[in-house]
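Remarks on the structure that follows.
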Amino acid sequence: MKSSIVKKLIAVVSVATIAIGMVGCGNTAKNETAKSSTSSLDAIKAKGKLVVGTSADYPPYEFHSSASGEDKIVGFDIDIAEQLAKDLGVKLEVKDMAFDGLLVALQSNKVDMVFAGMTPTEERKQNADFSDIYYTATHRFIVRSGDETKITSMDDLKGKKIGVQKGSIQEGIAKDNFDAADVKSLDKIPDLILDLKNNKVDAVLAELPVAEINVEKNSGIAIVKDLVVKDPDGGVAIAMKKDSPELKDAINNTIKNLGQDKINQMAKDANSLVE
Ligand code: ARG
């Protein structure tokens with residue numbers, strides 16, 4: 001009686017072992033341990049698709065445009081993602097979500113990478129790997145026209161309502177400098193611009209190219225010229241799951257091959273698609 005249970009158990013175990021072995025073969029062509037970091041890059045190649053997460057509210061980095069006749073997510077981050085997909089020989093899929101949810105999506109395997117003008121802060125580096133920095137910009141306040149000449153220091157903004165994107169480093173900068181009660185965080189930049197126009201916030205902090213394009217496309221708002229906010233992490237990078245060295249090499253190669261001049265030019269060119 002007992003021995004037959006043992007036999008059955010042995011049978012079950014060996015079937016399981018074979019099954020695990022087969023899964024291992026299917027996932028990786030190489031005879032390495034199945035769970036090593038080969039998986040990130042190989043998994044993307046195996047499914048033939050690179051799934052990228054973004055928050056498409058941040059021109060020229062990423063934004064919605066129907067300039068081509070249909071609504072599309074475009075921007076120089078997306079151009080870089082397209083180049084990476086091409087270099088890997090896979091298709092590109094872009095998922096638009098709240099900026100705040102991007103690293104969570106990465107963690108839970110909903111996306112392979114995050115292309116979102118994301119600053120590689122020390123805090124974020126605890127949970128994600130980052131590519132080399134591919135673009136740098138300072139941060140500026142956008143205010144209602146007429147206010148831009150009244151502000152030359154953070155002190156001039158004390159007691160005012162500051163609008164920032166939820167989960168962004170601008171939110172951190174605002175909270176470091178102003179009362180938490182004066183900082184309003186929203187998911188998407190266009191909603192902050194609307195709040196600014198409707199007197200619900202008095203200033204919105206964003207990266208300079210984003211501030212510039214929003215001021216160009218909206219009447220009644222302007223950039224504070226005399227207050228430049230720098231961030232210690234200086235610049236933006238592409239996020240991927242921790243311990244993905246092969247994927248990191250791939251994206252760093254794509255960035256290197258494009259080159260800084262080309263990327264800067266792509267950022268400028270993206271502005272023509274903003275509606
Ligand atoms: N660079 C800032 C950060 O990393 C803001 C990025 C916002 N990006 C966006 N796609 N909305 O926090």
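Ligands are counted one by one from 1 in listed order, and the atoms in each one are counted from 1 as well. Predicted model, so just to flag it, every value in this text is computed and none were measured.
- Residue Lys110 places its NZ atom among 12 or fewer non-hydrogen atoms of other residues, nucleotides or ligands, all under 6.0 Å distant.
- The N/O atoms of Glu62, backbone and side chain alike, include one that comes under 3.5 Å of an N/O atom in ligand 1.
- Gln170 counts as a contact of ligand 1, since one of its heavy atoms falls under 4.0 Å from the ligand.
- For ligand 1 and Thr119, the ligand atoms under 4.0 Å from any heavy atom of the residue are 1 (N), 2 (C), 3 (C), 4 (O).
- At a 3.5 angstrom cut-off on N or O pairs, Ser55 counts as close to ligand 1.
- Ionic pairing of Lys175 and Glu171 is present here: one or more N-O contacts between side-chain nitrogen and carboxylate oxygen are shorter than 4.0 angstrom.
- Per-residue contacts place Ser168 under 4.0 angstrom from the following atoms of ligand 1 (heavy atoms of the residue considered): 12 (O).
- Checking Gly117, Ala237, Gly235 against atom 6 (C) of ligand 1, the nearest heavy atom belongs to Gly117.
- Residues Tyr135 and Tyr61 place their aromatic rings such that the two centres sit under 6.0 Å apart.
- The environment of Lys197 atom NZ is dense: over 12 non-hydrogen atoms of other residues, nucleotides or ligands sit within 6.0 angstrom.
- Using a 4.0 Å cut-off to heavy atoms of Asp57, the atoms of ligand 1 that qualify are 9 (C), 10 (N), 11 (N).
- For the residue pair Thr254 and Asp87, a side-chain donor N or O sits within less than 3.5 Å of a side-chain acceptor on the partner.
- Looking at Tyr58 next to ligand 1, no N or O pair under 3.5 Å apart turns up.
- The protein heavy atom nearest to atom 7 (C) of ligand 1 is Gln165 OE1, 3.3 Å.
- When the options Lys45, Lys49, Lys47, Lys241 are evaluated for a salt bridge (Lys or Arg N to Asp or Glu O under 4.0 Å) with Asp112, the one that passes is Lys47.
- For the pairing with Asp57, the side chain to side chain donor-acceptor pair (under 3.5 Å) check across Lys188, His64, Gln165 returns one residue only, Gln165.
- Ser131 places no side-chain N or O within 3.5 Å of a backbone atom of Lys248 that could act as its donor or acceptor partner.
- The aromatic rings of Tyr134 and Phe76 sit perpendicular, their planes meeting at an angle over 60°, well past the 30° parallel limit.
- The closest approach between a heavy atom of Tyr61 and any atom of ligand 1 is not below 4.0 Å.
- For Ile189, no heavy-atom contact with ligand 1 is shorter than 4.0 Å.
- Within a 6.0 Å radius of NZ in Lys242, more than 12 heavy atoms belonging to other residues, nucleotides or ligands are found.
- For ligand 1, the polar-atom distance check finds an N/O of Ile169 within less than 3.5 Å of one of the ligand's N/O atoms.
- With a heavy-atom cut-off of 4.0 Å, Arg124 touches ligand 1 through its side chain alone.
- Per-residue contacts place Glu207 under 4.0 angstrom from the following atoms of ligand 1 (heavy atoms of the residue considered): 1 (N), 2 (C), 5 (C).
- Closest to atom 8 (N) of ligand 1 among all protein heavy atoms lies Ala116 O, 2.9 Å.
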